[in-house]
Amino acid sequence: MARVLIADDHSVVRQGLKQILADTNDMEVVAEAANGAEVLERLRVIGVDIVVLDLSMPGISGLEVISQIRKEYPKIAVLVLSVHSEEQYAVRVMKIGASGYVTKDSAPEELVKALRCASCGRKYVSGSLAERLAIDLERGSDKLPHEDLSDREYEVFRLIVSGLSAQQIAGELGLSAKTVSTYRARLMLKMRMHSSAELARYAIVHGIVD
């Protein structure tokens with residue numbers, strides 16, 4: 001029986017996922033969390049095999065949570081269940097150690113299939129994500145500018161092009177506005193861009209915004 005922790009800041013989503021898994025005979029929800037800090041707290045006291053993780057929770061970012069779990073609990077699988085399209089995060093989360101990426105508009109059967117893959121130590125990759133990973137591998141060192149950003153820089157980038165101010169981004173990520181400005185300067189330097197408008201155009205072209 002695979003022991004599952006569900007991490008999402010919406011209680012309705014958590015209840016829905018619990019109902020889906022209640023209909024299986026090989027998975028059991030043993031814990032819930034509403035943010036990244038709670039995920040890490042639960043893992044310290046409860047034995048878990050798989051974490052179903054939403055990326056967009058308050059406080060510690062989903063990307064940081066994945067990295068922390070891989071570092072502290074390498075045997076625990078992390079399946080990302082996100083509202084964001086594959087274009088925006090899937091390749092990045094797979095590279096840092098996630099066992100799979102499923103969007104919230106997927107059928108329940110797909111989620112269960114992905115969880116079973118993760119519980120067996122395998123990766124769950126949709127056909128479209130497999131193609132993206134293959135293209136990424138083939139491209140090698142010829143990366144797109146945003147692919148060289150750190151996880152935190154990428155998150156700041158996404159929030160900038162979503163129209164948030166530095167103060168709003170700071171609140172979203174639990175950082176100071178000064179730190180956000182530092183990340184903004186770094187990512188713009190790496191991407192060789194000079195304005196938020198340039199970043200926005202780039203994001204639209206590459207499918208990085210919803």
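By the side chain to side chain contact (heavy atoms under 4.5 Å, CB included) test, Ile96 pairs with Leu63, Ile66, Ser67, Asp151, sequence neighbours left out. Listed by chain and number, the residues in a salt bridge (Lys or Arg N to Asp or Glu O under 4.0 Å) with Arg186 amount to none (sequence neighbours excluded). Under the rule for a side chain to side chain donor-acceptor pair (under 3.5 Å), the partners of Ser196 that lie at least two apart in sequence or sit in another chain are Arg184. Every residue two or more places apart in sequence or in another chain that forms a side chain to side chain contact (heavy atoms under 4.5 Å, CB included) with Asp148 is listed here: Lys143. Residues satisfying the side chain to side chain contact (heavy atoms under 4.5 Å, CB included) test with Ala197, not counting sequence neighbours, are Ser195, Arg201. Annotation: side chain to side chain contact (heavy atoms under 4.5 Å, CB included) contacts of Ser82 (sequence neighbours excluded): Leu55, Val80, His84, Tyr101. Among residues two or more places apart in sequence or in another chain, the side chain to side chain donor-acceptor pair (under 3.5 Å) test is passed with Lys113 by none.
Note that CZ of Arg70 and OG of Ser99 are 6.0 Å apart. Values are rounded to the nearest 0.5 Å. Interatomic distance, CD1 of Ile76 versus CG of Leu5, reported as 8.5 Å (0.5 Å rounding). Here the CD atom belonging to Glu198 is positioned 9.5 Å from the CE atom belonging to Met191, to the nearest 0.5 angstrom. Rounding to the nearest 0.5 Å gives a distance of 13.0 Å between NE2 of His146 and CD of Glu153.
Within the structure, the ring pair (Phe, Tyr, Trp, His ring centres under 6.0 Å) test picks out no pair touching residues 29-83 (sequence neighbours left out). Screening residues 147-200 for ring pair (Phe, Tyr, Trp, His ring centres under 6.0 Å), with sequence neighbours left out, gives Tyr89-Tyr154. The stretch residues 20-33 participates, sequence neighbours left out, in these salt bridge (Lys or Arg N to Asp or Glu O under 4.0 Å) pairs: Arg14-Glu32, Lys18-Glu32, Asp26-Arg116.
Minimum interatomic distance between Val30 and Gly47 (heavy atoms only, all atoms of both residues): CG2-O, 4.0 Å.
Counting Ile, Leu, Val, Met, Phe, Trp and Tyr side chains that sit under 4.5 Å apart, directly or through other members, Val13 shares a hydrophobic cluster with Val4, Ile6, Leu17, Ile20, Leu21, Met27, Val29, Ile50, Val52, Leu79, Leu81, Val102, Leu111, Val112, Leu115, Tyr124.
Listed for the Asp49 side chain is a donor-acceptor partner under 3.5 Å among the backbone atoms of Arg3.
Using a 4.5 Å heavy-atom threshold, the side chains of Ser61 and Arg152 count as touching.
For the residue pair Gln68 / Glu64, no side-chain donor-acceptor distance below 3.5 Å is found, with atom types taken as modelled.
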Cut-off 3.5 Å, no hydrogens considered: what does the side-chain donor-acceptor table look like for residues 161-180, sequence neighbours left out?
{"from": "Ser162", "atom 1": "OG", "to": "Arg158", "atom 2": "O", "distance (Å)": "2.8"}
{"from": "Ser165", "atom 1": "OG", "to": "Gln168", "atom 2": "N", "distance (Å)": "3.2"}
{"from": "Ser165", "atom 1": "OG", "to": "Gln168", "atom 2": "OE1", "distance (Å)": "3.3"}
{"from": "Gln168", "atom 1": "OE1", "to": "Ser165", "atom 2": "N", "distance (Å)": "2.8"}
{"from": "Ser176", "atom 1": "OG", "to": "Thr179", "atom 2": "N", "distance (Å)": "3.0"}
{"from": "Ser176", "atom 1": "OG", "to": "Thr179", "atom 2": "OG1", "distance (Å)": "2.8"}

